[in-house]
J.: 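Please find one structure pasted underneath; my questions will follow.
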2 protein chains.
Amino acid sequence: MRPKDLEKEEAIRAIALKIIAEEGLENLSMQKLAKEANISPRTIYIKYENKEDLLIKLFIDEVLGTYEKAVLEGFDEAMDFETGVRKMWLNTFRYFKSNRQAYVLMQYGKSSPLLNKAFKERNIKEGQFFAPVHRFLKQNAKARIIKNFPNEVHRALIFSPLLDLINEYFEYKDRPKQIITEKVILECCEAIIKGIKL
Amino acid sequence: MRPKDLEKEEAIRAIALKIIAEEGLENLSMQKLAKEANISPRTIYIKYENKEDLLIKLFIDEVLGTYEKAVLEGFDEAMDFETGVRKMWLNTFRYFKSNRQAYVLMQYGKSSPLLNKAFKERNIKEGQFFAPVHRFLKQNAKARIIKNFPNEVHRALIFSPLLDLINEYFEYKDRPKQIITEKVILECCEAIIKGIKL
DNA sequence: TTTTTAAGTAAACAAACGTTTACTTACTTA
DNA sequence: TAAGTAAGTAAACGTTTGTTTACTTAAAAA
């Protein structure tokens, strides 16, 4: 049997992400994707059921899965609060800095009903994404180190400013002066920690 | 001359927002929109140049323009920092609470290259959106009331957690218990203020 | 009341869409 | 080395896309 060409599989994913980041999710078509990857449209259907399946797998596995790994690298839920948050902030910043395409699709995941639904279903079926982070926050709330908010609120307070700052980083990428440096990120991290601590 | 039917114009906008919020920007088509609005596709082209023009005007005028008005209602850039931020947080929360469709399209604006570009061009052509807020932040930084970050950083720190919390509000809207109440929003606002103040 | 004119419609356009059919290629295994 | 088989291709399927053409409607202006 002829084996699957992994290079082609990778090309499909890479070029799909590229089109989404450069032209938008609403302008990704199977034919355009096939053409840019120099393959037949049929080939995509060997690897993915249909367009929705491709988008969902890109979003869940390629984007969120890879991001989860990156955030948790060197993180331990037993770390003290400040160290843990700083670690995750730096991991997130460094990961997305060199993965803008993943960042864009992740952002689309917050708007697109299809990706939203897929995210919820995946959390139910295979356990929550970022589970160690959830436990970390719960522990610290229980230990009265941080304010006693629901986990979703903690997540919003701690991580959404960071994701917004990463967007600003991309805005300044091709300009003479980058204002979002690692130093600024760490200063912002301190501000967030100060705000959330009891 | 036969006058433009304003009800039809309003229907186009309302139903476009509805489709975007329920099925996603990537599933909005002119024919679907016309059908659901009970008009001919041609009628849309009397009021808008093309699909992109419709999307951009929806995003800039209907969503951002209306949101800007709502945020600034009762806000004065001369307010002291805490009062001003609290005012804007409550205005934002109350506005989007009853305008989920506007919220969804605003979120799409952070991903979609088309809307992103339109936003930047509009800021250059007609002056920045949320200009009073920018001046408010600059003043407070200059007066050493808050940390001396670039304005974009202040904006990320202060407003992105709020927008994320509004998303959580919608997630809990049809569940037995709403966790994102006005009380929680105000507590989060205090946390943010505490973090950013010098 | 009649004329004028833009608003609005129904139907259609070519192009692009997601997907499939019919066929060829290339690698495994017997 | 030959047979078997899934991977891969080129071309096409029927639909839907954004947009336009040709026509009708309705209200302001004369």
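Note: hydrogens, waters and symmetry copies are ignored here, and every other heavy atom, side chains too, is used. Every chain is numbered from 1, with letters handed out A, B, ... down the list of sequences.
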J.: For C:dA30, what is the paired nucleotide under Watson-Crick or G-U wobble rules, both distances under 3.5 Å?
T.: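 D:dT1 is the nucleotide pairing with C:dA30.
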J.: Can you tell me if CD on B:E73 sees more than 12 non-hydrogen neighbours from other groups inside 6.0 Å?
T.: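 12 or below, so no.
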J.: Would you say the ring centers of A:Y67 and A:F129 fall short of 6.0 Å from each other?
T.: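 No, ring centres 6.0 Å or more apart.
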J.: What nitrogen or oxygen pairs link the protein and nucleotides 12-15 of chain C at under 3.5 Å?
T.:
none

J.: Quickly work out the A:R42 CZ to D:dA6 P distance and round it to whole Å.
T.: 13 Å
J.: What does B:S29 touch in the nucleic acid at a heavy-atom separation under 4.0 angstrom: a base, only the sugar-phosphate, or nothing?
T.: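 If one applies the 4.0 Å heavy-atom cut-off, B:S29 turns out to touch the sugar-phosphate alone, with no base involved.
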J.: Starting at atom NZ of A:K35, determine the distance to atom C1' of D:dA11, rounded to an integer number of angstrom.
T.: 13 Å
J.: Under the salt bridge (charged side-chain N to carboxylate O under 4.0 Å, His left out) test, which residues partner A:E10, sequence neighbours left out?
T.: none
J.: Over 60° means perpendicular and under 30° means parallel, so tell me whether A:F81 and A:F136 are parallel, tilted or perpendicular.
T.: parallel
J.: Would you mind classifying the nucleic acid contact of A:I44 as base, sugar-phosphate or nothing, using non-hydrogen atoms under 4.0 angstrom?
T.: nothing
J.: Quick one: B:I46 CD1 to D:dT25 P, roughly how many Å, whole number?
T.: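 For the pair B:I46 CD1 and D:dT25 P, the rounded distance is 15 Å.
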J.: Return the value, rounded to whole Å, for the distance between atom CD of A:E52 and atom C1' of C:dT19.
T.: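 Spelled out: CD on A:E52 to C1' on C:dT19 is 13 Å.
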J.: Rounded off to whole Å, could you give me the CG-to-P distance for the B:L55 and D:dT19 pair?
T.: 10 Å
J.: Check the distance between D:dG18's P and B:E26's CD and give it to me in whole angstrom.
T.: 13 Å
J.: Would you kindly give the CD1-to-P distance between A:I12 and D:dA7, to the nearest whole Å?
T.: 12 Å
J.: Mind calculating the distance between CD (A:E9) and P (D:dA6) to the nearest angstrom?
T.: 17 Å
J.: With heavy atoms under 4.0 Å as the rule, sort B:K47 into base, sugar-phosphate or nothing.
T.: sugar-phosphate
J.: Between the side chains of B:K142 and B:Q139, is a donor N or O closer than 3.5 angstrom to an acceptor N or O?
T.: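 Side-chain D/A pair, B:K142 to B:Q139: absent.
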J.: May I ask you to say what A:K8 touches in the nucleic acid, namely base, sugar-phosphate or nothing, with a heavy-atom cut-off under 4.0 Å?
T.: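 A:K8: backbone/sugar contact only, no base atoms under 4.0 Å.
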J.: Indicate, with yes or no, if the rings of B:Y169 and B:F93 have centres closer together than 6.0 Å.
T.: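 They qualify: ring centres under 6.0 Å apart.
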J.: Going by an N to O cut-off under 4.0 Å, is there a salt bridge joining B:D76 and B:K87?
T.: no
J.: Is any side-chain N or O of B:T43 closer than 4.0 Å to OP1 or OP2 of C:dT9?
T.: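 Checking B:T43 against C:dT9: at least one side-chain N or O falls below 4.0 Å of OP1 or OP2.
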